[in-house]
Amino acid sequence: MALMDKHKVKRQRLDRICEGIRPPILNGPMHPRPLVALLDGRDCTVEMPILKDVATVAFCDAQSTQEIHEKVLNEAVGAMMYHTITLSRDDLDKFKGLRIIVRIGSGFDNIDIKAAAELGIAVCNIPSSSVEETADSTLCHILNLYRRVTWLHQAMREGTRASSVEQIREVAGGAARIRGETLGIIGLGRIGQAVALRAKAFGFSVIFYDPYLPDGVERSLGLQRMSTLQDLLIHSDCVSLHCCLNEHNHHLINDFTIKQMRQGAFLVNTARGGLVDEKALAQALKEGRIRGAALDVHETEPFSFSQGALKDAPNLICTPHTAWYSEQASIESREEAAKEVRRAITGRIPDSLKNCVNKEYLMAAAQWPTMDPASVHQELNGASAYRFPAGMVGVTAGGLPAAAVEGMVAGTLSISHGIPPSHAPSPGQTVKPESDREIPADQ
Amino acid sequence: MDPDRLAQSKCLPQEGPFTKGSSSLPCCGSRCSPCPAPAVLNEAVGAMMYHTITLTREDLEKFKGLRVIIRIGSGYDNIDIKAAGELGGTVHQGFQLFTMLRLSLLPMPSSSCEHPRRWVTLIDGIAVCNIPSAAVEETADSTLCHILNLYRRNTWLYQALREGTRVQSVEQIREVASGAARIRGETLGLIGFGRAGQAVAVRAKVFGFNVLFYDPYLQDGLERSLGVQRVYTLQDLLYQSDCVSLHCNLNEHNHHLINDFTIKQMRQGAFLVNSARGGLVDEKALAQALKEGRIRGAALDVHESEPFSFAQGPLKDAPNLICTPHTAWYSEQASLEMREAAASEIRRAITGRIPDSLRNCVNKEFFITTSPWSVMDQQVVHPDLNGATYRYPPGMVGVAPGGIPGAMEGMVPGGVPVPHSLPTVTHPSQAPSPNQPTKHRENREHLTEQ
């Protein structure tokens, strides 16, 4: 009895292992024309010409995975998405055959890339298409705060008249000279650098804080680097956010950090809404501690002036997550995304990918400790325990000989690391790396 | 002499002691005519002004003693500087013409009657000065802000959000932001390459604009200094530009520079920005072009008639328009700087020579040249002018009736050298006695006959 219990426990443990971990077979067999789905959009006209000979392209126009059709969840090998849908670990689990997700844009905080890697899904982004558009929009926001053009236009729309110079001074009150002001950039990536260079031409003195950059970047561009966020906030007249959102910097700008800012400073955010605690910001705007704020991104989108924490905040300029957009940037990013999916389908994951953001997690997840075949439980020896779940794309249940599957080795994993596929090679069988579609010769 | 008091006495009635009641006089602040307050028209020696009032030849003739006008700002198209330079222009002999407002501030000579000197005045024209440098960067920054608002559409997007538009999916983002364009590779054409134009060029380059300019008044070579391209006809500029920005003065040659004909030389779907002068743009033609989409968007800080209102005028129903109420120049620092600079210029006018001591005189060439007269000996001077007969009118500011001895006439402020003494300021209530020279400008020609 006790032995039966022990086996049962082992079995349960195995089952848990096998169902929780998608085998990281990154370059396993694929349907000849795999399904690629655009998750949160409807327009595939740009992607279609690039993908139509290697994939079937579909769109979901979903705002959450609940709205995604079951066929897509079961069959999609590739997914393309924007920022308007979130893929948490649970969402990713719903997909049965997904191998590649391409985020058509630069931020990927709406995808749990670590969970994706553990499930054997590579995540890519398109980091360069909208760099200058975003920088130009950021400068537009900064200038609108300093020169007040947006608010003045609004005042004129509402009927304000300014006849005399005194009235001009009154309606434009708060408009400030830029030369000599200090712009503090949080995050000096591609966009941060582009903003820094533009701001210098206006006479801003530019400082930045970026804990991830190596030494010396400040010398390249002639900027001043601050070693702590507090230093930056203390010295800036205008603070602009250009960092990714991750688990460490949610609500980076909060009540405490706002109090470290200068009295009457400006705040600009074209990065991610989650970086700013909107309640604290609203309070600071009402009290005048922040003289004005310009936000392209918000904690909940779509943003509305009539709802949310910023409802009655004064001196606020908002745009609906449009800083990235120009027709050319849009087309470029979509073409790049389609090409990345194509590389994933026709090449190796993650080697063939240009902008894979979870490569190291993929490697780590696929890295199993070296297993001595003898130590492997016989039930794990490929034969009985593991089956590709029915419904996996292109593979009918039991359709692939187990041996062939065993011969499958994840992409770049070299044999010498002894990294086996999910099941240990049966003794004596040579395991060789191969391209995606080949069936091993020893079949 | 206290410069603050000085400036105050010279200001137009909004700020000075001649304000009736507590507010400015009805016509002041408007563009039509200067304040009719007689004291100012008759006595003011210096005037400071903004852009909201116009001084035509007729307006200038109303001033009896004006010698210098300071425009607190850079544009002076609202002043007929040619007329100003020509007014007066007659040499008057034997005239001591110098008086000043607030003479109580001036030191009195001890024995006035023996004061030997008599000055001869040249009634040179009215010098007009501006303050060209205080708001250069503010204007350039505002111009770039306008340009960016046209390319990135922030102002219109903000307006859409204010009006309740909900933008959920990426398709909706593309729709609401439709028209937002990539800047790198676009051509920005600047009409006028002065201080503001150059500052705009330097900023625009960093965004990736290809910058070119047209300026018929500029010497060769500046395009090399800044690394921009120069074109030699307006048409060339309009043909090549995706965005046209005006940075020239308004003068008699370029009214309605942007009109129906020239708009048709612009690219289909170009942008237009104007932070210079409203008179450069024919608003009817612009409205038509905006409605037809020939111009994709326009951003205007200045208008043909100001104050501008969206509810009136030819631009009333024009789409794709961003307007600000002549605020591109404004920042608190710029405002203070230009007012201080204007007061300093007035001070130089009073304490120095006109126009030599002036830093930014814009109508020097219109002054009628007269040779300087030195002190003349007394025979030339009409006996009646010998201090005795001139009386300051009662009620004149700061001067008690009859309180000032005639020797005041000989008084010259600070360091005014002889040849350029300022003319007298007369008071209208004092009718000249038959033998007394009239002090009104237009009658001065007759004086020599007396």
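Just so you know, these numbers come straight off a predicted model, no measurement behind them. Residue numbers start from 1 in every chain, and the chains themselves are labelled A, B, ... in the order their sequence lines are given, proteins ahead of strands.
For A/Arg161 and B/Glu306, the salt-bridge test fails: no basic side-chain N is under 4.0 Å from an acidic carboxylate O. Salt bridge B/Arg182/A/Glu332: present, at least one basic N to carboxylate O contact under 4.0 Å.
Of the atoms belonging to A/Gln328, heavy atoms from both backbone and side chain fall under 4.5 Å from chain B. For A/Arg42, the parts lying near chain B are the backbone and the side chain together; criterion is any non-hydrogen pair under 4.5 Å. Both the backbone and the side chain of A/Ser137 come within contact range of chain B, with heavy atoms under 4.5 Å apart. With a 4.5 Å cut-off on non-hydrogen atoms, B/Ile147 does not touch chain A at all. Of the two parts of B/Ala299, neither the backbone nor the side chain holds a non-hydrogen atom closer than 4.5 Å to a non-hydrogen atom of chain A. With a threshold of 4.5 angstrom between heavy atoms, B/Ala181 approaches chain A through N, CA, C or O but not through any side-chain atom. Contacts between B/Tyr151 and chain A at a heavy-atom distance below 4.5 Å are absent for every atom of the residue. No part of A/Thr138 comes within reach of chain B, as not one of its non-hydrogen atoms sits under 4.5 angstrom from that chain. Both the backbone and the side chain of A/Phe303 come within less than 4.5 Å of a heavy atom in chain B. For A/Leu316, the part lying near chain B is the backbone, with the side chain staying farther off; criterion is any non-hydrogen pair under 4.5 Å. B/Glu163 does not touch chain A: none of its heavy atoms, backbone or side chain, sits under 4.5 Å away. At a 4.5 Å heavy-atom cutoff, the contact between A/Val149 and chain B is made by backbone and side-chain atoms alike. If you measure heavy-atom distances from B/Glu138 to chain A, the contacts under 4.5 Å come from both the backbone and the side chain. Residue contact with chain B, scored on non-hydrogen atoms closer than 4.5 Å, involves the backbone and the side chain of A/Trp324 alike. With a 4.5 angstrom heavy-atom cutoff, B/Val176 touches chain A only via side-chain atoms.
With rounding to the nearest 0.5 Å, the separation of CG in A/Leu152 from CD1 in B/Ile322 is 12.0 Å. Summarising the geometry, atom CG belonging to A/Leu197 is positioned 10.5 Å from atom CZ belonging to B/Phe207; distances are rounded to the nearest 0.5 Å. Rounded to the nearest 0.5 Å, atoms CG (A/Asp61) and CD (B/Glu171) are 6.5 Å apart. Rounding to the nearest 0.5 Å gives a distance of 7.5 Å between CG of A/Asp296 and CG of B/Asn154. Within the model, atoms OG of A/Ser164 and CD1 of B/Ile53 stand 12.0 Å from one another, a figure rounded to the nearest 0.5 Å. The CD atom of A/Gln167 sits 9.5 Å away from atom OG1 of B/Thr52, with the distance rounded to the nearest 0.5 Å.
Formation of a donor-acceptor pair under 3.5 Å by the B/Arg152 side chain with backbone atoms of A/Cys140 is not found in this model. With A/His153 contributing its side chain and B/Cys323 its backbone, the two residues share a donor-acceptor pair below 3.5 Å.
Of the listed residues (B/Lys205, B/His326, B/Arg162, B/Glu332), the greatest number of heavy-atom pairs within a distance under 4.5 Å of chain A belongs to B/Arg162. Ranking A/Gln154, A/Arg179, A/Arg157 against chain B, the residue ahead of the rest is A/Arg157, based on heavy-atom pairs under 4.5 Å. Heavy-atom pairs under 4.5 Å with chain A peak, among B/Gly208, B/Ala180, B/Pro325, B/Ala199, at B/Pro325. Contact count versus chain B (heavy atoms, under 4.5 Å) is highest, among A/Ser306, A/Ser304, A/Gly159, A/Ala201, for A/Ala201. Most heavy-atom pairs under 4.5 Å with chain A: of the set B/Leu161, B/Leu148, B/Ile173, this distinction falls to B/Leu161.
Using a 3.5 Å distance cut-off with no hydrogens or angles, the side chains of A/Gln63 and B/Gln168 do pair a donor with an acceptor. Inspection of the A/Thr150 and B/Thr155 side chains reveals an N or O donor paired with an N or O acceptor under 3.5 Å. If you check the side chains of B/Ser335 and A/Arg169, you find a donor sitting under 3.5 Å from an acceptor.
Between A/Ala175 and B/Tyr330 the shortest heavy-atom distance is CB-O, 3.6 Å. Across B/Ala328 and A/Arg147, no two heavy atoms sit closer than the pair O-NH2, 2.8 Å. When all heavy atoms of A/Ala176 and B/Ser331 are compared, the pair lying nearest together is C-CB, 3.8 Å. Here the closest non-hydrogen pair linking A/Arg198 and B/Val206 is CA-CG1, 3.5 Å.
Counting heavy atoms from C-beta outward, A/Phe202 and B/Leu144 have side chains that approach closer than 4.5 Å. When side chains are defined from C-beta on, B/Ile183 does not count as touching A/Glu132, because their heavy atoms never get closer than 4.5 Å.
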Checking side-chain contact (heavy atoms from CB on, under 4.5 Å) for the pair B/Val170/A/His83: CA distance, chi angles, key distance, verdict?
CA-CA 8 Å; B/Val170 171; A/His83 61 272; 4.1 Å; yes
